[in-house]
J.: 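Below is a structure I'd like to ask you about.
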Number of protein chains: 2
Amino acid sequence: MSTPPISRRARPAKAPLSRDVIVRTGLDILDRDGLDALTMRRVAKELDTGPASLYVYVANRDDLMAAMLDEALGRVPLTADGTWRDQIHALANATVEAMSRHEGLATVALGAIPTSDNALLVLDRMLALLKEGGLDDTTAAWAVDLIYLHLAAAAAEESAYTTKGGEEDDTIAAADRRYASLDPRRYPMITSLRQALFSPGDRDAWGLNVLINGILHTPAG
Amino acid sequence: MSTPPISRRARPAKAPLSRDVIVRTGLDILDRDGLDALTMRRVAKELDTGPASLYVYVANRDDLMAAMLDEALGRVPLTADGTWRDQIHALANATVEAMSRHEGLATVALGAIPTSDNALLVLDRMLALLKEGGLDDTTAAWAVDLIYLHLAAAAAEESAYTTKGGEEDDTIAAADRRYASLDPRRYPMITSLRQALFSPGDRDAWGLNVLINGILHTPAG
DNA sequence: ACCTGAACACCGTTCAAGT
DNA sequence: ACCTGAACACCGTTCAAGT
């Protein structure tokens, strides 16, 4: 009673493989089921093929993830309105957003000097803003590196908190309880400043302002 | 002619398993053969047992890596001489050092709010220095978070460059060539500032000074 | 030329069964 | 009570063999 598997040829035409479709499928899997689900085999299955077929378009898993990061960064709006500071904040927030909404991608950014098309577009735009702010070449150059590092780290942190199993609030509450139970003799500052450590507020915006103000006050070289 | 395997009981006494010896063995493997070699099975083999035995002392691989990070941070000297700035730099450099010399550990720090004994000791000491600098509680609290994030990111980056296959210089040279080949119309700032982007200098010290100066000029809240 | 089945050499983790 | 052999359910990557 069982029918033999329908030959590939007889089935409806399958979307042809390409680097692009593989990358987008990877991003979909990441968003739907997280970093652990992002395996070559899973991507292949989603595309109705075997894992070996992916290697025609992608060197390996790291290469795929780098391409996924680039794709995600391609969705960052490169221009914004407002003051100079507003524009830096907008570009920075969009970059963090783009990285942190896909679990594990920020870590890729932390692991290599940016060389992909869309990462370089973000960097180029940030560099233009920094030069507009009156920085000399060296300071602007070092600053863009520092800011990009910070954005990737902020995205990695955010991504870890929002994705890892439970809710962000649970993670914070657990840390708060841990801090509350510390020995004040061993950890005098943490115990006495615990309130401040968990105080609410826009830390991302503050952190970026720290960087901007610091860069303005600290010539490189 | 072959002898049967000597029974466990007959062999020289094996060092007893413990969380501590597992953690230190993990660190050894990381240093000797890198992150990919750090598997539960490899740790077990090094300790002359099976992977299942590790789970008595360690919840899983993530737990092991977190414990390894804590062990590494335990080697950070918490006090230093010099000016206020010198002391911050010394603590920061030692922290980056501790993380970056073991491939992949910095990433662990980026993925969770610090709650381990030795991470908290570093934080407590940094908090004391920040308060000494005259910061209010909230600013000091937010600042220690920001600095720790930056140190972990700096360590992750450094670790990636120094460990990943070839030499650091090769990675930079490759990036430089890539930047040199970019279309100036699409990447006007990167191409015109390429010299500055790859200019030598102590970027770590500069980056930390940016943070310190920025924090001093940017009250939180 | 392009694609892929099958295999290789591994993983982390669990648990029933041993001592 | 403590430990672990063996198994489960996977991995990334390669390559010979197919069309």
Side-chain angles (χ1 to χ4, degrees), chain A residues 4-23 25-26 29-30 32-69 103-105 107-108 111 164-165, chain B residues 4-23 25-26 29-30 32-69 103-105 107-108 111 164-165:
Chain A
I6 303 166
S7 134
R8 183 64 273 160
R9 263 178 228 294
R11 275 186 282 174
K14 166 174 84 165
L17 277 188
S18 69
R19 189 173 166 89
D20 233 63
V21 77
I22 290 169
V23 168
T25 303
I29 294 170
L30 205 53
R32 247 181 300 130
D33 299 306
L35 188 57
D36 287 346
L38 184 74
T39 67
M40 300 301 279
R41 294 171 118 96
R42 172 70 186 280
V43 173
K45 191 197 285 193
E46 209 100 337
L47 291 168
D48 194 20
T49 184
S53 304
L54 303 178
Y55 288 82
V56 177
Y57 304 97
V58 133
N60 51 42
R61 189 176 185 266
D62 283 350
D63 181 39
L64 171 58
M65 291 203 59
M68 287 165 59
L69 172 63
E103 188 192 355
L105 281 197
T107 308
V108 176
K164 209 163 212 170
Chain B
I6 303 165
S7 134
R8 182 65 273 163
R9 264 177 226 295
R11 276 184 281 172
K14 164 175 83 164
L17 276 188
S18 70
R19 189 173 165 88
D20 233 64
V21 76
I22 290 169
V23 168
T25 304
I29 294 170
L30 205 53
R32 248 181 299 131
D33 299 307
L35 188 57
D36 286 346
L38 183 74
T39 68
M40 300 302 279
R41 294 172 117 96
R42 172 70 185 280
V43 173
K45 191 195 284 191
E46 209 101 336
L47 290 169
D48 194 19
T49 184
S53 303
L54 304 178
Y55 288 82
V56 177
Y57 305 96
V58 134
N60 50 42
R61 189 176 185 266
D62 282 351
D63 181 39
L64 171 58
M65 291 203 60
M68 286 165 59
L69 172 61
E103 187 193 355
L105 282 197
T107 309
V108 176
K164 209 163 214 171

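In what follows, chains are A, B, ... by sequence order, proteins preceding strands, each numbered from 1.
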J.: What does the list of N/O pairs under 3.5 Å between the protein and nucleotides 5-9 of chain C look like, with a distance for each?
T.:
none

J.: Tell me the interatomic distance from Leu38(B), atom CG, to dC11(C), atom C1', rounded to whole angstroms.
T.: 12 Å
J.: Which stems, defined as runs of 3 or more consecutive Watson-Crick or G-U wobble pairs with both pairing distances under 3.5 Å, involve DNA chain D?
T.: C:4-8 with D:12-16, C:12-16 with D:4-8
J.: Side chain to side chain contact (heavy atoms under 4.5 Å, CB included) for Leu54(A) and Val43(A)? Distances and angles first, verdict last.
T.: CA-CA 8 Å; Leu54(A) 303 178; Val43(A) 173; 4.0 Å; yes
J.: What are the two closest non-hydrogen atoms of Val21(B) and Leu47(B), and how far apart are they?
T.: CG2-CD2, 4.2 Å
J.: CD1/Ile29(B) to CZ/Arg42(B) distance, rounded to the nearest 0.5 angstrom?
T.: 5.0 Å
J.: Rounded to whole angstrom units, what separation is found between the CG atom of Asp36(A) and the C1' atom of dG12(C)?
T.: 11 Å
J.: From the set dT4(D), dT14(D), dC11(D), return the single nucleotide nearest to any side-chain atom of Tyr55(A).
T.: dT14(D)
J.: Closest approach of Met40(B) and Asn60(B), non-hydrogen atoms and distance?
T.: CE-C, 4.3 Å
J.: Quick one: is Tyr57(B) getting a side-chain N or O under 4.0 Å of the dC3(D) phosphate, OP1 or OP2?
T.: yes
J.: To check you understand the geometry: which heavy-atom pair defines the closest contact between Leu35(B) and Arg61(B), and what is its length?
T.: O-NH2, 3.6 Å
J.: Which atom names give the shortest non-hydrogen contact between Tyr57(A) and Arg19(A), and what distance separates them?
T.: O-NH1, 3.0 Å
J.: Please state how far atom CG in Asp33(A) lies from atom P in dC10(D), giving the value in whole angstrom units.
T.: 13 Å
J.: Looking only at heavy atoms, which two atoms of Val23(B) and Ala67(B) are closest? And how far apart?
T.: CG2-CB, 3.6 Å
J.: Once you round it to whole Å, what is the distance between P of dC3(D) and CG of Leu17(B)?
T.: 7 Å
J.: Please state the P separation for the pair dC10(D) and dA9(C) - nearest whole angstrom.
T.: 22 Å
J.: Between Asp62(B) (CG) and dG12(C) (P), how many Å, whole number?
T.: 11 Å
J.: Determine whether Met65(B) and Leu38(B) make a side-chain contact, defined as any pair of heavy atoms from C-beta on separated by less than 4.5 Å.
T.: yes
J.: In this structure, how many angstroms lie between the P atom of dC3(C) and the CG atom of Leu47(A), rounded?
T.: 13 Å
J.: Do you know which two heavy atoms are closest between Ser53(B) and Thr49(B), and how far apart they sit?
T.: OG-OG1, 2.9 Å
J.: What's the NZ-P distance between Lys45(B) and dG12(C), to the nearest Å?
T.: 12 Å
J.: dC11(C) C1' sits how many Å from Leu35(B) CG, rounded?
T.: 14 Å
